[in-house]
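Bear in mind the structure is a predicted one, so any value in this text is a computation, not a measurement.
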Amino acid sequence: MTEAQANEYLRNRLWQKAKDIYDSIVEASGTDQPSSGRRHSKEQVIACLYGRTECCLELQQYDQVTQDCHRLLKLLALAENVTANSNGSAVPAPSTESPSPTPSSSSTGSSSSSSTGKGGTKSTTNGTSASVAGAGSTESKVRKRLIHSLCKQQKFAEAEVILQEWAAGSGAGNQDLGRYLDRLKVLLLQMATSSSGGSSPSGPGVDGGGETVAEPTTTTSSSSSSTVSSLSSLNDEYEQIETKLDKLILNNLPPDRYTKQLGRIESQLKVGNAGSSGSRAVVAGGGGGGTAASGGGNKVGNSNHHVTEKHGKATGGNKGMPMDKLNSITCVYCTLSFADRAELRAHCQTESHQNIIMSDEGRDWKWRPPPRGFVAESYTVCEKFQDNQNCHYGNQCVEAHGVDELNEWKERFEYRKKKLQRARDKELYGKSYTEQLLERWVQAPSPEKVMRERVEGVEDSCSHDLVTTISSKVSKREWSFVLKSKRYLKAVALLQDAHRNHFVLKQVCPGEPRTAGSGNNSGSGAKKSLINVGKSGPSTEVELNSEQEWIAPVASAEKGETAATLLEHRVKVGFSTEIYGTFRQTVVFDFGREPVLVKHICVDVVPVTEVDKIQEIKKDIVMSTAERWDETNSEIFEFTTAPIPHMHTPAYTADAEREKDLLVRYPLPKASTFVLTQSTITEKKLTRNNYRNRIHELLYVEEIARYEQIARYNLTTRLSIVTNYLLTPSGMATSTAKYSHSGELFALMKLGKDVSEDTSAGRLILNNCQAVYIAAARETIPAGEKRKVYEAVIEDKGKNMIYLKVSAKAVTGLGLKPDTEFLSDIQFQPNRLTYCEWHQAIDKIADFRIIFPEIFAEPSIPWTPQRQWDASLDPKLNSKQKEAVVAITTPVNVPLPPILLIGPFGTGKTYTLAQAIKQLLLQEGTKILICTHSNSAADLYIKDYLHLWVEEGMTEARPLRVYYHKRWVATVNSIVQK
């Protein structure tokens, strides 16, 4: 077990394993062990103790962190005394402290405790000795970590002692550091005061339910906030100060003899984050605590509060590109538009543009970035690291520390090479076929009209499964697509950039009409003729100039769009890798009209040790305790009804077609087809690169879980069969009578006391199901036949009753008769449309900066007394609500991240947002979109605020109310209907 192995576990966030290795090294250093060859150096022991504190912080073992930090301070003080001795200073008394003392009760006290040498002279960790040690950065890092652990344990008095010693040492010699230490001292006092008021345990970074999120420079919450809210606000302030202290220690304090050793540990944990924010939004949610505004950059505890309201503004920022400029002369890499190509060419010579096209951004990488100036063949493995699992140069080493890092360096080189080649192919200002297609897809009101997985008039098949799992790191795969259509193949392309260097087009053979001389006609650019059996014409392999896309030559356009006979096109796609990971690609087949046909390939290259683990997780997800009727075990008859002319309007038909298309595009997840990739299981962070596919998989997991919940309430019951029924809504004088027609009947199903409107089970079914499957109970199924199952729709829902509409086909098949009872097995069917719409929403995201805004600087809300006490602001707003309004109404040219309002019910979130909207309406050219989670919440803004402002003469407040087209007009408030 070596320190390098522990550092490797740190890199992979395996905290317990890393801690175990650090434990063994630290324990071995305190005793003579002949078998170990030599004792560990003091530098290595200090590094291991520091690494162990990192692990213990993540494992929330704060007492151990406190012990280790005290030991580190003693070791550092001893080292400074030795250094002073070597420089001719006074000789300290001999100490019994070993390079890494064993744990003892003396190491758990405050830092003012001392170790006494044999001569009786004290070596302390405070006073003058601490001041000398504080000249370097290591002691400051340890003290900061010690204060953090003490605060986690609510030992604020001890933390204050450590802070005073720190301020007397490092803080006394650095003005900026001293200022932040003073702020931290005030904050500790406030934390101690708040904590002593009987609140729940809380320290820096402790999440509180529904707390107030304050500005980074705010040290106290409003007087109306609860103790939990105050603590939470102080926690946010603590995090801001810790971040500042990290930067000051790194940049302002001189390195010491241990800085490099500790830097190797810290480098395993760093995650870069840069860029700028170009979007603004306001979100309000319910929870505990008061109402407040946050400029972002802070952790918000308990993010699972109900989000109830949203308010957005137009996208701005330096990197954002308006949609109407996408068709102008554009640098697609930098998302900038230019007046002419001369300007574009000048831009292409700039260093910033060159950095972007030669970067390896767009993928999430695991290891260190490779050294620049080397080609892939020049990358080598560091011999010192191979022999000792340690390298003197650390992160500055230009050789790879291990085979896995070497392979990723080669992978990154190929990724950059492919990216640069594509830039050259389009001369940096032309757009490739792939980019043009993606642009049309982004701009299209209905993206499904641009790309689809099934296209009318095209029959497709593939030689292998499109989703596959491989356990060999060095792997190759091929997929041979056969496409039969009367239309000519115009283009084939690989769409996705992230894993482009792993996928290639190996062969394209466009079909040709069968003619008398077709066997000898090689065509322009053809390599050879392939003989096909059947009615289709021959396929001729074309010469590929690019491994990523093929476009039919201009001469082929003279043949027209379609042929007289069926054509058979053949395309072969290849994959190769030498690293583990999840690799995805989309293959596009263009037949000269939209939508184009797309096929999604996914290769999951998983270590053998992980295959069983993934299969077990998948088995747990798809395993169901209830039998599910589907086409494999039943003959299912979908619900159909006779058309009613006055209801079948073009809008109704279009809506029905859209819903049907969505259900086909995002099919029901089944045990046999459900895909769970290792990236979804192992990757801990959502990023721009993995968001789309990971959320798709998680939505399918949620849908499976929802079905399993609902399936628990499937039952066998007696249905009352009727031709009509009377529905009397509660609280209404009128009632509704419904009559069956065209051979249909109604079936009334009574709900038991456990599944009623007043129970969670009843709400689950009533709110999530729109149909049921019905089959005859206790029916004997002849051998070789399937059970007949009929779909019935839920027509109405009552408190203890569900009214089903049964189709004429079901009436005949089940032998139903009016005014009788029918014993049936019932399976509730969840409404899948909502999940399909969520999938579609994910696929419609064109720019993931909307979800992952880039923060290049700390947010700063411009505040002035004039804005805070503006006469136009409603005097009813309290100070925090005014702060929120000021943040929301800040001009869009001031870069701010999304703004979040958090507060429990009745704290004025809606009122605050309404006042912000009123202020925004006074600004020139403002466009406001108000989104809510319910119709009633949206109507509330109009009824209580916008309507009143319009009546007062503020015409800008007249809204455009967007209704759900199936909403019953009678449920709309009369004021809103105006």
Side-chain angles (χ1 to χ4, degrees), residues 285 302-307 467 469 582 600 602 604 606 610-634 636 659 662-686 690-715 751-752 754-773 789 791 794 797 802 825-843 851 933:
N302 264 5
S303 59
N304 60 341
H305 305 306
H306 299 293
V307 179
V467 180
T469 300
T582 302
H600 302 290
C602 176
D604 209 18
V606 187
E610 297 292 322
V611 172
D612 292 340
K613 175 184 174 183
I614 293 175
Q615 290 301 321
E616 281 297 318
I617 294 173
K618 179 181 175 182
K619 183 179 177 181
D620 289 342
I621 292 172
V622 301
M623 184 175 63
S624 176
T625 56
E627 180 192 14
R628 187 171 192 167
W629 296 334
D630 57 27
E631 61 276 2
T632 61
N633 56 27
S634 305
I636 297 177
E659 293 179 3
L662 281 176
L663 293 170
V664 171
R665 196 188 320 167
Y666 304 107
L668 179 74
K670 301 178 182 177
S672 58
T673 58
F674 173 66
V675 176
L676 186 67
T677 59
Q678 63 168 334
S679 60
T680 299
I681 297 172
T682 60
E683 292 179 6
K684 296 185 177 180
K685 287 182 62 178
L686 277 174
N690 67 18
Y691 183 87
R692 190 192 307 277
N693 294 305
R694 192 172 183 183
I695 295 298
H696 276 313
E697 288 188 24
L698 293 177
L699 281 175
Y700 281 128
V701 170
E702 182 178 332
E703 187 174 357
I704 291 171
R706 175 57 56 88
Y707 180 84
E708 179 65 19
Q709 284 181 320
I710 292 175
R712 297 173 188 171
Y713 304 102
N714 293 340
L715 73 163
L751 297 175
D754 296 330
V755 189
S756 68
E757 190 182 41
D758 298 325
T759 65
S760 57
R763 287 191 293 271
L764 175 72
I765 293 171
L766 295 174
N767 295 335
N768 293 276
C769 297
Q770 292 184 342
V772 300
Y773 281 167
V789 176
E791 183 185 31
I794 297 177
K797 304 166 187 176
I802 291 180
D825 290 333
I826 300 289
Q827 285 195 3
F828 294 100
Q829 299 302 305
N831 177 23
R832 295 202 60 248
L833 185 60
T834 301
Y835 286 96
C836 294
E837 288 173 339
W838 288 341
H839 282 293
Q840 186 187 36
I842 297 300
D843 282 337
I851 299 174
H933 274 266

Item checked: Exam field: side chain E697 to backbone T677, donor-acceptor pair closer than 3.5 Å -> yes

Notebook entry, point to check: Between N768 (side chain) and N831 (backbone), is there a donor-acceptor pair under 3.5 Å?
Noted result: no

Note to self: I'd like to know whether R665 forms a side-chain contact (heavy atoms from CB on, under 4.5 Å) with H839, so could you lay out the CA-CA distance, the side-chain angles of the two residues, the decisive distance to 0.1 Å, and finally the verdict.
What the structure shows: CA-CA 9 Å; R665 196 188 320 167; H839 282 293; over 6 Å; no

Notebook entry, point to check: Passes side-chain contact (heavy atoms from CB on, under 4.5 Å), E791 versus Q829? Steps please.
Noted result: CA-CA 9 Å; E791 183 185 31; Q829 299 302 305; 5.8 Å; no

Would you give the length of the straight line joining atom [atom1] of [X] to atom [atom2] of [Y], rounded to the nearest 0.5 angstrom?
| X | Y | atom1 | atom2 | result |
| --- | --- | --- | --- | --- |
| E837 | I842 | CD | CD1 | 13.0 Å |
| L668 | Y700 | CG | OH | 9.0 Å |
| L663 | Y835 | CG | OH | 13.5 Å |
| E659 | L833 | CD | CG | 4.5 Å |
| Q827 | S634 | CD | OG | 7.5 Å |
| L698 | L686 | CG | CG | 7.5 Å |

Margin query: Are I695 and W838 packed together at the side-chain level, in the sense that at least one heavy-atom pair is separated by less than 4.5 angstrom?
Written below: no

Check: Between F828 and N714, is any pair of side-chain heavy atoms under 4.5 Å apart?
Finding: yes

Notebook entry, point to check: Any idea which heavy atoms bring P669 and R832 closest together, and the distance?
Noted result: CD-NH2, 4.1 Å

Checklist line | Contacts of D825 that satisfy side-chain contact (heavy atoms from CB on, under 4.5 Å) - sequence neighbours left out | finding: W629, T716, A777, R787

Check: Taking only residues two or more places apart in sequence, or in another chain, which ones meet E702 in a side chain to side chain donor-acceptor pair (under 3.5 Å)?
Finding: none

Check: Can you find a side-chain donor-acceptor pair between T582 and D604 that sits under 3.5 Å?
Finding: yes

Notebook entry, point to check: Does a side chain donor of either Y666 or D843 reach within less than 3.5 Å of an acceptor in the other side chain?
Noted result: yes

Notebook entry, point to check: How would you list, by chain and number, every residue that makes a salt bridge (charged side-chain N to carboxylate O under 4.0 Å, His left out) with R694, sequence neighbours excluded?
Noted result: none

